[in-house]
Asks: 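Okay, handing you the structure first.
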Protein chains: 2
Amino acid sequence: MKPTRATLADVARLAGVSLGSASRALSVPDQVKPQTLANVQRAVEQLGYVRNGAAQALASRKTHTVAAIYPTLNNPIYADSIQALQQTLWGYGYQLLIASHEYKPARELEVLRAILERGVDGLVLVGTDHPPEVFELTRQYDLPYVLTWSVDETQYPHCVGFSNFEAAYALARRIVGFGHRRVAMCGGSTFGNERVRARQAGTRAALREAGLDLRPEWIVEAPFTFEGGRQALRELWDGEARPSVVICGTDLQAIGLLDECRAKRIRVPEDLSVTGFDDIEQARLTQPPLTTVRVPSLEIGTRAARHLMALIDGKDGDDEIVLDAPVVERGTLAKPADLRRSAREQ
Amino acid sequence: MKPTRATLADVARLAGVSLGSASRALSVPDQVKPQTLANVQRAVEQLGYVRNGAAQALASRKTHTVAAIYPTLNNPIYADSIQALQQTLWGYGYQLLIASHEYKPARELEVLRAILERGVDGLVLVGTDHPPEVFELTRQYDLPYVLTWSVDETQYPHCVGFSNFEAAYALARRIVGFGHRRVAMCGGSTFGNERVRARQAGTRAALREAGLDLRPEWIVEAPFTFEGGRQALRELWDGEARPSVVICGTDLQAIGLLDECRAKRIRVPEDLSVTGFDDIEQARLTQPPLTTVRVPSLEIGTRAARHLMALIDGKDGDDEIVLDAPVVERGTLAKPADLRRSAREQ
DNA sequence: CTGAAAGCGCTAACAC
DNA sequence: GTGTTAGCGCTTTCAG
């Protein structure tokens, strides 16, 4: 029965060295004589000693913990990224504190405050658009941070992500290339979310080149969930005119929308084309498989971790990591019905 | 420009009170005169003061952080639970440190050590089967913990979960009730995983009642992923004899298996019945929708959080929370082909 | 209800 | 290389 945990002082005493040496043996082992190192290690072993993180943090002002604030954990794309982040961080001896704000900027700020109070050495945020107070706090606390997922609408050098504008642009070009002219978008709120804005902008740009525009009634705002997709389809389908394609903001929405199509006996892609965004694993399991944009979520996690580690080490590292987010064509995007017909007629 | 963060001493000075009073004003506001409280609050405001968590932790031996170690984050069921856990904890002023061990017991131990070093006030673990060192450490550190997901194979009172045995038993009864006699299981490794064992046992119990048994070659061990399910089907289908139903350990596997069925033109449930476990959202999106067992993952998260808070507060609380995990029948489980035929013949 | 003072366990100069 | 010695910023007795 151990009444109280062993401290470094106990270790030092048992090893017959000073407190300082014991401390060094643990944190900078190559700055002590092999002999003392061995003694200390033996003592540690014997006592089952484990460092007290709080004390270490207080004295060294390093917590060996970083925090990541995600919009939600309910999207596999973020889960994947967290997984990668966590694994990589682990390799550096860092722990991960995670939180989510459910797409509410105010909530994000609260969460950040709580995290700051607990103390972390670095921060990972998703997206570039955050309440100004967020940036003030990171500055005030001198907290290194990396922005992930997006490189849109920002000057900040430490971003690990892709251009949502370009990705959406490329996808829309593809869509236009198939001959679609009645294009709808099912996205989330643009509030505090530059990804949604950038994608809208990218889509618009491609449409404009083809002489098209996005009709306001065909831009529907729905939650980034299966249910959101279902809702969106209902809204779109009950409208005056019907689009020939709907561009979804996430695969989750697209999958839900596809399911609603099935319920309503709308054939995809014959009656309606659908595209997603993220390329989650399920995207290839729909019937037909979903045409989408592949977001390198694992790589974002891994590189964000590495980049943050570099920042924390004071190595200002390379700037902005722009990853690729290619369109992956599968079965839900095809020529619109009217064109098929005319093609056949020729 | 703030060269250095304000400390409680600064606050006290500005407020014209002692360090002690300032401290109390923050942590036990009703033990100070309203006047001093107000002074302190004003000072805090003015200085933009934020507590230093490390110092607080060191002095009070409370970190206001709890850790949760999950098998993986790559299963929506865990993501959901984490979400609920995190939200609930947040309401109590606690942060969540998360980690995963990818179904490797040794890894879990390492992770726990790192977490212990960092310091947490409580711990959430998934399952009841962990390396003995895990339990030794929690004891040695006097760390309150709750075991989730399962109440099988354990004496430990602080569990929040369901009986995997019962759930599997109920499902198997249902399967047997449909007339299946050639039953296969696609599960994960039983190593360090009592859930898998309990489910096998429950399944066996139900089969035995019907005079059946599980043929060893029909127990396939595959990763808990889409791909795992695909693999399992291939293995099972290429074998000497073919089962009439396969019971999957997770919906992820079941969905992958279903997809492989489609690829191989195996009709479900005509040629083969399939069941899942978890009832993730996608389970109702397969074609036909998946018959599965509904695991109350959100509730597990919420109640685990509450229970842990009680433990931390020294309220030993109520014991073992046994939740319900009902079978949800959808379309992938039906009578086996031979019975259908004979039914028709009659 | 408040102030003073003693640590919490560790790191980081600083001399030796 | 190693020992000594200040703190890190806060909580918590203990008197008053």
Side-chain angles (χ1 to χ4, degrees), chain A residues 2-41 43-44 47-65 93 116-121 141-142, chain B residues 2-41 43-44 47-65 93 116-121 141-142:
Chain A
K2 188 140 289 166
T4 175
R5 272 160 67 173
T7 75
L8 229 206
D10 300 330
V11 172
R13 202 172 309 123
L14 182 61
V17 302
S18 75
L19 220 202
S21 294
S23 174
R24 279 184 290 258
L26 295 183
S27 45
V28 279
D30 37 67
Q31 277 180 36
V32 296
K33 206 161 35 175
Q35 186 51 251
T36 49
L37 177 56
N39 289 150
V40 171
Q41 283 173 337
V44 164
L47 264 33
Y49 168 77
V50 174
R51 250 205 207 89
N52 177 321
Q56 183 181 32
L58 182 56
S60 68
R61 8 265 0 274
K62 300 205 112 299
T63 60
H64 296 283
T65 301
L116 251 22
E117 180 168 335
R118 217 95 306 154
V120 293
D121 296 344
Y141 280 79
D142 232 344
Chain B
K2 187 142 289 165
T4 176
R5 274 161 66 173
T7 76
L8 228 207
D10 299 330
V11 172
R13 202 172 309 123
L14 183 60
V17 302
S18 76
L19 222 200
S21 295
S23 174
R24 281 183 289 258
L26 295 183
S27 45
V28 279
D30 38 67
Q31 276 181 36
V32 296
K33 208 163 31 176
Q35 186 51 251
T36 47
L37 177 57
N39 288 149
V40 171
Q41 283 173 336
V44 164
L47 263 35
Y49 169 76
V50 174
R51 250 205 206 89
N52 177 322
Q56 184 182 31
L58 181 56
S60 68
R61 15 239 28 257
K62 300 205 113 298
T63 60
H64 296 282
T65 302
L116 252 21
E117 178 167 334
R118 202 252 177 215
V120 294
D121 296 345
Y141 279 80
D142 231 344

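Letters A, B, ... are given to chains in the order of the sequence lines, protein chains preceding strands, and every chain is numbered from 1.
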Asks: Distance check needed: D:dT2 P versus A:Gln35 CD, whole Å only.
Replies: 10 Å
Asks: Nucleotides 4-7 of chain D: which of its N/O atoms have a protein N/O under 3.5 Å away?
Replies:
none

Asks: Applying salt bridge (Lys or Arg N to Asp or Glu O under 4.0 Å) as the test, list every pair that has at least one member in residues 17-41 of chain A; sequence neighbours left out.
Replies: none
Asks: Would you kindly compare B:Gly16 and B:Arg61 by the position of their nearest DNA chain C nucleotide and give the one closer to the 5′ end?
Replies: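 Looking at DNA chain C, the more 5' nearest nucleotide goes with B:Gly16.
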Asks: To the nearest Å, how far apart are A:Lys33 NZ and D:dG1 C1'?
Replies: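 About 7 Å, once rounded to whole Å.
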Asks: Can you give the first and last nucleotides of DNA chain C, 5' to 3', that have an atom under 4.0 Å from a heavy atom of chain B?
Replies: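 The contacted stretch runs from C:dC1 to C:dG9.
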Asks: Assign A:Thr36 to base, sugar-phosphate, or nothing according to its heavy-atom contacts below 4.0 angstrom with the strands shown.
Replies: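 It contacts sugar-phosphate atoms only.
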Asks: Could you tell me how far apart B:Arg13 (CZ) and D:dG9 (C1') are, to the nearest whole angstrom?
Replies: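 Roughly 12 Å, once rounded to whole Å.
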Asks: Indicate whether OP1 or OP2 belonging to D:dC8 is found under 4.0 Å from a side-chain N or O atom of B:Thr7.
Replies: no
Asks: Taking only the side-chain heavy atoms of B:Ala55 (C-beta and beyond), determine which of D:dG9, D:dT12, D:dT2 contains the nearest atom.
Replies: D:dG9
Asks: Could you pull out all residues at least two apart from B:Arg13 that satisfy salt bridge (Lys or Arg N to Asp or Glu O under 4.0 Å)?
Replies: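 B:Asp10.
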Asks: Using the salt bridge (Lys or Arg N to Asp or Glu O under 4.0 Å) criterion, which residues pair with A:Arg51? Sequence neighbours excluded.
Replies: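 So A:Arg51 forms a salt bridge (Lys or Arg N to Asp or Glu O under 4.0 Å) with B:Glu117.
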Asks: Main chain of A:Ser23, side chain of A:Ser27: is a donor-acceptor contact present, judged purely on distance under 3.5 Å?
Replies: yes
Asks: Using a 3.5 Å distance criterion without hydrogens, assess whether the side chain of B:Ser21 forms a donor-acceptor pair with backbone atoms of B:Val17.
Replies: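 The answer is no, because no donor-acceptor pair under 3.5 Å joins these two groups.
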Asks: Hey, are the side chains of A:Leu26 and A:Val44 touching, using non-hydrogen atoms and a 4.5 Å cut-off?
Replies: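 Contact flag for A:Leu26/A:Val44 side chains = yes.
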Asks: Is there a side-chain contact between A:Val120 and A:Tyr141 (heavy atoms, below 4.5 Å)?
Replies: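 The answer is no, as the side chains (C-beta and beyond) never meet within the 4.5 Å cut-off.
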Asks: Rounded to 10°, tell me the angle between the two end axes of the helix from C:dC1-D:dG16 to C:dC16-D:dG1, each built from five pairs.
Replies: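 Answer rounded to 10°: the end axes differ by 30°.
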Asks: With a 4.5 Å cut-off on side-chain heavy atoms, are A:Val40 and A:Tyr49 touching?
Replies: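 No, side chains not in contact.
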Asks: Heavy atoms only: give me the nearest A:Ala43-A:Val11 pair and the separation to one decimal.
Replies: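 For A:Ala43 and A:Val11, the tightest heavy-atom pair comes out as CB-O, 3.7 Å.
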Asks: Keeping A:Asp121 on the side-chain end and A:His64 on the backbone end, is there a donor-acceptor pair under 3.5 Å?
Replies: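 Confirmed, A:Asp121 side chain pairs with A:His64 backbone.
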Asks: B:Arg118 and A:Thr65: side-chain hydrogen bond (donor to acceptor under 3.5 Å, both in side chains), yes or no, with the steps?
Replies: CA-CA 8 Å; B:Arg118 202 252 177 215; A:Thr65 301; 2.7 Å; yes
Asks: For D:dT11, does either OP1 or OP2 sit under 4.0 Å from a side-chain N or O belonging to B:Gln56?
Replies: yes
